[in-house]
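Each remark here refers to the structure printed beneath this line.
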Amino acid sequence: MPPSPTSAPTRAIEQAPRAPVEIVAGIYLRALREAADGMLDQAASVARASISAVSRWERAESPIPGPALEVLLTHWGADPEEARYLRRHLPASRGLHIARNSRDHGQPDDRVPPDPWDVVHRGPWDKWVDVGVEAVARYAALTRVASQAVYFTTQRIPPGLRTAEYRAALAHWAPDPDEPAVKPRWLAELRRTASQRRTLLLDDSVLHRPSAAPDITAGQLRHLLGLADVGALTLRVLPRSAKTSALHLVGEVAAFTVHDRHLYAGAAEAPWYENRSAHARALQAGLDQALADAASHVESCALIQEAAYWWSRRPGS
C-alpha cells in the first residue's frame, strides 16, 4: 500500500516502466467498458485475447497492442477516430520500445549532471500531451481513479474539489479547461476511488487572489475546509517565504498514484502526463520540498478559514 499522504505524499511503488499514454489509455478503456456494462470475458472475446491479458492492459501492467486498443475502444462506444488517435500514440505503434534503464525507473544516473529541463534526459515516451477530442475527460478520469493525488496550484482549485459556483466562475477566466463542461456518460458513471487520499498544496497567493466573486471565493474555501473536516482532503499552504523551494512547480501540477505507478500531470493548454524523466524527478523533488516547507494541516486550515472570513467581508459578498 502506498504511504500516507502526510508522510511521503509523492512516493509510489514503481513497477515495470509504462509510458503515460499506456496508463491513461488503460484507464479510458476500463471506464468505457464498465459504462457499457461490459465484462472482461466479453472484452477478451472481442480482442481475441485472454481475460488476464485484457485486465493487464487496463491496469497498464503490460503493453496493449495497438489493434486491440482500437477494436476495444470502438466496441465500447468510443469514436473511431479517437480510437485511431490513441492507437497512433502508443509506443509500439511507432516501432519503438521503452528503454529499461536506471533513468526509466526514476533513479538518477550519477554519470550525468542533473539538468531537469534538458530534453536529452527525457525519453521519447516519458511525456505525452493529449490533444484528442476526449482529452479533458480522460484527465478528469485520472483524478477519480487514482489511489493518491497530490495537487500543487498557484492558480485554480483542482477538479473534484470545486463548488458548482466556483466551477462556473472558472469558465470566464480559465483558458485551459481541466474538466469537461458536459461529462460524457462514461465519465459521469465513473466513481471516485473510495479510499483515495488527496492532498492540496496551495500557494498562499491563491487565498488572496480574486479568482471569483468574493462570496464564491469564500464558499469555495469553506468547501475545502468541509472536505478536510470529514477526512477527504489534507490541506497544506505554502507561505511566500518558501516559494524558492518550489522552483520546478509552475502554475498547476499534480502527482498521481495509479495502479502503484507514479504519474505527473497538468492541464496547461492541453492535458499532459509525464513520468520516469529527469524533469519528472525534479517535479517530485519540488513537491517533496514544498510539502516540507508548507504549514501543517491544522495551521493551513486556520489560514484558509481566515481567508474565507476575509473574503466574506469584502464588498459584493
Side-chain angles (χ1 to χ4, degrees), residues 2-3 5-15 17-24 60 98 101-110 112-130 138-139 142-143 146-161 176 178 197-203 205-206 234 236-238 242-294:
T6 57
S7 57
T10 64
R11 301 295 178 186
I13 303 167
E14 193 69 25
Q15 299 181 3
R18 292 269 69 86
V21 62
E22 294 177 296
I23 297 173
V24 176
I98 302 170
N101 56 37
S102 62
R103 179 175 57 78
D104 284 335
H105 287 282
Q107 299 171 359
D109 187 342
D110 294 334
V112 181
D115 184 0
W117 301 106
D118 189 345
V119 294
V120 172
H121 297 159
R122 178 183 282 150
W125 311 112
D126 289 348
K127 183 173 183 179
W128 177 52
V129 179
D130 189 357
R138 282 189 286 271
Y139 177 78
L142 171 63
T143 69
S147 60
Q148 182 170 278
V150 180
Y151 299 96
F152 171 80
T153 182
T154 63
Q155 299 174 1
R156 56 191 169 183
I157 303 301
L161 303 174
D176 306 317
D178 55 5
R197 297 191 297 274
R198 293 182 288 180
T199 298
L200 176 58
L201 176 59
L202 288 168
D203 184 277
S205 64
V206 177
T234 298
R236 306 292 298 277
V237 174
L238 184 66
K243 285 182 181 177
T244 55
S245 68
L247 294 177
H248 302 294
L249 305 181
V250 179
E252 303 169 346
V253 64
F256 296 101
T257 301
V258 55
H259 306 320
D260 290 334
R261 290 175 176 82
H262 215 50
L263 187 62
Y264 298 89
E269 298 185 1
W272 61 267
Y273 309 91
E274 186 160 0
N275 61 10
R276 306 171 309 184
S277 66
H279 183 211
R281 294 199 307 275
L283 289 174
Q284 177 170 297
L287 282 169
D288 287 343
Q289 185 60 56
L291 283 160
D293 293 343

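Values below: every heavy atom of this structure, side chains too, minus hydrogens, waters and symmetry copies.
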Examine distances only and state if a side-chain atom of T154 and a backbone atom of G251 form a donor-acceptor pair shorter than 3.5 Å.
yes
Give me the atom names and distance for the closest heavy-atom approach of D126 to P20.
O-CG, 3.4 Å
Tell me whether R18 contacts the main-chain N or O of I23 through its side chain, where contact means a donor paired with an acceptor under 3.5 Å.
no
Straight-line distance of T257 OG1 to H262 NE2, nearest 0.5 Å:
5.5 Å
Calculate, to the nearest 0.5 Å, the distance between atoms CZ and CG belonging to R156 and L161 respectively.
12.5 Å
Do you know the tightest heavy-atom contact between A294 and L201?
CB-CD1, 3.8 Å
List the atom of W272, the atom of L283, and the distance in Å for their closest heavy-atom pair.
CH2-CD1, 4.1 Å
Mind listing the closest non-hydrogen atom pair of V129 and A270 along with its distance?
CG1-CB, 3.9 Å
Testing L287, T143, I157 one by one against Y151 for a side-chain contact (heavy atoms from CB on, under 4.5 Å), which residue passes?
T143
Would you say R276's side chain and W125's backbone share a donor-acceptor pair under 3.5 angstrom?
yes
Between the side chain of T199 and the main-chain N/O of T234, is any donor-acceptor distance below 3.5 Å?
no
So, does R261 use its side chain to make a donor-acceptor pair with the main chain of A60 at under 3.5 Å?
yes
With sequence neighbours left out, what residues match E274 under side chain to side chain donor-acceptor pair (under 3.5 Å)?
R122, S277, H279
Residues forming a ring pair (Phe, Tyr, Trp, His ring centres under 6.0 Å) with Y139, sequence neighbours excluded:
none
Just do the side chain to side chain contact (heavy atoms under 4.5 Å, CB included) check on Y264 and Q284 with the steps written out, would you?
CA-CA 9 Å; Y264 298 89; Q284 177 170 297; 2.6 Å; yes
If I compare all heavy atoms of R138 with all of Y273, which pair ends up nearest, and what's the gap?
C-OH, 3.9 Å
Separation between OG1 (T153) and CG (D178), nearest 0.5 Å, reads 9.0 Å
